S.K.: 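Pasting a structure below so you can have a look.
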Amino acid sequence: MSNKRLTRSFYVQPTLKVAQELLGKYLVRRIGKKKLFGKIVETEAYIGPQDKASHAYRGRITPRNKAEYLVGGHVYIYLVYGMYWQLNISTGKAGKPECVLIRALDSHLGKIASGPGKLCRYLKLDKSFYGEDLARSKRIWLEDRGVKIKPSQIRATKRIGIDYAGTYWANRKWRFVL
DNA sequence: GTACAGATTGAG
DNA sequence: TCAATCTGTACT
């Protein structure tokens with residue numbers, strides 16, 4: 001049985017584990033009768049409230065970031081720089097502000113969603129997906145298509161675009177690339 | 001109320 | 001290297 005939708009238990013695991021296991025999984029977006037999908041090839045972990053780069057640093061809760069506190073498997077989507085949407089997936093238990101940013105997909109159409117902003121534009125994702133449950137939604141979810149990833153295929157590097165958080169947090173190797 | 005900076009991108 | 005352009009935060 002391939003093409004298996006990921007269930008709640010997958011997302012509730014520790015965030016760094018989910019961030020790595022998401023690599024090689026497929027993100028599926030249904031628009032009417034059409035399906036867009038791509039293999040996840042780049043992720044980043046954000047683990048509030050201690051993570052200075054996280055929107056939930058020091059336990060902050062705002063209308064924008066509250067989805068980060070939902071139980072694992074919910075969409076946390078927000079606008080950066082006034083123009084680009086960022087697709088995140090909440091992880092861990094309810095009340096824990098932890099999430100994984102989906103940064104890049106390898107797409108079947110030959111188009112490469114090679115950045116978090118471009119990825120959302122390609123999949124037509126916006127605020128209407130805020131808080132969407134990936135374990136239940138009919139328009140967006142994740143599938144395990146049987147791709148096996150060896151630990152040697154995963155590269156851990158610094159996260160991108162968060163130098164403002166100071167060298168300690170900016171240098172955490174919480175970005176994972178296939 | 002005003003000021004300012006950000007989990008990015010594409011153009012110059 | 002820089003501007004586009006909106007949300008949240010830190011001020012007055």
Side-chain angles (χ1 to χ4, degrees), chain A residues 11 13-25 27 29 36 38-107 109-134 140 142 154-178:
Chain A
Y11 302 106
Q13 302 177 91
T15 301
L16 289 174
K17 184 166 195 258
V18 175
Q20 290 171 79
E21 294 201 350
L22 278 172
L23 296 174
K25 299 294 189 293
L27 177 63
R29 164 81 167 103
L36 294 173
K39 187 171 66 176
I40 296 171
V41 294
E42 186 177 340
T43 63
E44 272 181 17
Y46 287 85
I47 306 183
Q50 72 270 30
D51 182 357
K52 200 170 178 185
S54 168
H55 293 151
Y57 178 53
R58 284 158 49 182
R60 275 201 302 257
I61 301 182
T62 67
R64 181 178 70 157
N65 77 2
K66 65 184 181 198
E68 218 180 334
Y69 290 81
L70 296 172
V71 68
H74 287 84
V75 170
Y76 167 37
I77 191 164
Y78 69 91
L79 201 60
V80 270
Y81 303 118
M83 27 173 42
Y84 296 109
W85 293 99
Q86 306 281 293
L87 176 64
N88 295 252
I89 300 172
S90 69
T91 56
K93 295 176 186 161
K96 295 262 189 187
E98 303 182 9
C99 66
V100 175
L101 169 66
I102 308 300
R103 290 189 56 88
L105 298 181
D106 194 1
S107 160
L109 291 175
K111 295 177 186 170
I112 310 251
S114 59
K118 291 198 287 189
L119 182 158
C120 288
R121 198 173 53 190
Y122 165 57
L123 293 176
K124 301 194 188 328
L125 299 175
D126 56 32
K127 189 95 184 183
S128 71
F129 286 84
Y130 194 87
E132 192 93 353
D133 186 352
L134 294 170
I140 184 170
L142 296 177
I154 299 177
R155 209 152 52 91
T157 72
K158 290 171 54 171
R159 290 178 290 177
I160 304 296
I162 55 161
D163 288 343
Y164 66 88
T167 52
Y168 179 79
W169 292 108
N171 287 330
R172 294 299 88 196
K173 292 187 175 176
W174 286 355
R175 170 168 170 257
F176 302 101
V177 184
L178 202 55

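A note on names: the letters A, B, ... follow the listed sequences, proteins ahead of strands, and every chain is numbered from 1. All values derive from a computational prediction rather than experimental measurement.
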S.K.: Using the P atom on both, measure dT12(C) against dA5(B) and round to a whole Å.
M.R.: 16 Å
S.K.: If you only use heavy atoms from C-beta on, which nucleotide in dA4(C), dG8(C), dC6(C) is closest to the side chain of M83(A)?
M.R.: dA4(C)
S.K.: From the set dT7(C), dT9(B), dT8(B), return the single nucleotide nearest to any side-chain atom of Q86(A).
M.R.: dT8(B)
S.K.: Do R60(A) and Y57(A) form a cation-pi contact, if we require the NZ or CZ to be under 6.0 Å from the six-membered ring centre and within 45 degrees of the ring's axis?
M.R.: no
S.K.: Please measure how far the P atom in dG12(B) lies from the corresponding atom in dT5(C), and state the result in whole Å.
M.R.: 15 Å
S.K.: Between dG10(B) atom P and Y81(A) atom OH, what is the distance in whole Å?
M.R.: 14 Å
S.K.: Among the nucleotides dT8(B), dT7(C), dG10(B), which one has an atom lying closest to any side-chain atom of R121(A)?
M.R.: dG10(B)
S.K.: So that I can tick it off, tell me whether E44(A) and R103(A) are bridged by a salt bridge, with the cut-off set at under 4.0 angstrom between side-chain N and carboxylate O.
M.R.: yes
S.K.: What nucleotide among dC6(C), dT9(C), dT8(B) has an atom nearest to a side-chain atom of T62(A)?
M.R.: dT9(C)
S.K.: Consider the side chain of R60(A), meaning its heavy atoms from C-beta on, and name the nucleotide among dG8(C), dT9(C), dT8(B) that approaches it most closely.
M.R.: dT9(C)
S.K.: Heavy atoms within less than 4.0 Å of DNA chain C: which residues of residues 39-55 of chain A have one? Give them sorted by number.
M.R.: none
S.K.: Regarding Y84(A) and Q86(A), is there a side-chain donor-to-acceptor distance under 3.5 Å anywhere?
M.R.: no
S.K.: Take the protein atom CG of D163(A) and the nucleotide atom P of dT8(B), then report the distance between them rounded to whole Å.
M.R.: 10 Å
S.K.: Would you mind telling me which residue lines up with the more 5' stretch of DNA chain B, K118(A) or I160(A), judged by nearest nucleotide?
M.R.: I160(A)
S.K.: Is the NZ or CZ atom of R29(A) both under 6.0 Å from the centre of the six-membered ring of Y122(A) and within 45° of that ring's axis?
M.R.: no
S.K.: Please determine whether a side-chain nitrogen or oxygen atom of R103(A) lies at a distance below 4.0 Å from atom OP1 or OP2 of dT8(B).
M.R.: yes
S.K.: Knowing that exactly one of R58(A), R159(A), K96(A) qualifies, which makes a salt bridge (Lys or Arg N to Asp or Glu O under 4.0 Å) with D51(A)?
M.R.: R159(A)
S.K.: Side-chain contact test, heavy atoms from C-beta onward, threshold under 4.5 Å: evaluate it for P97(A) versus N65(A) and give yes or no.
M.R.: no
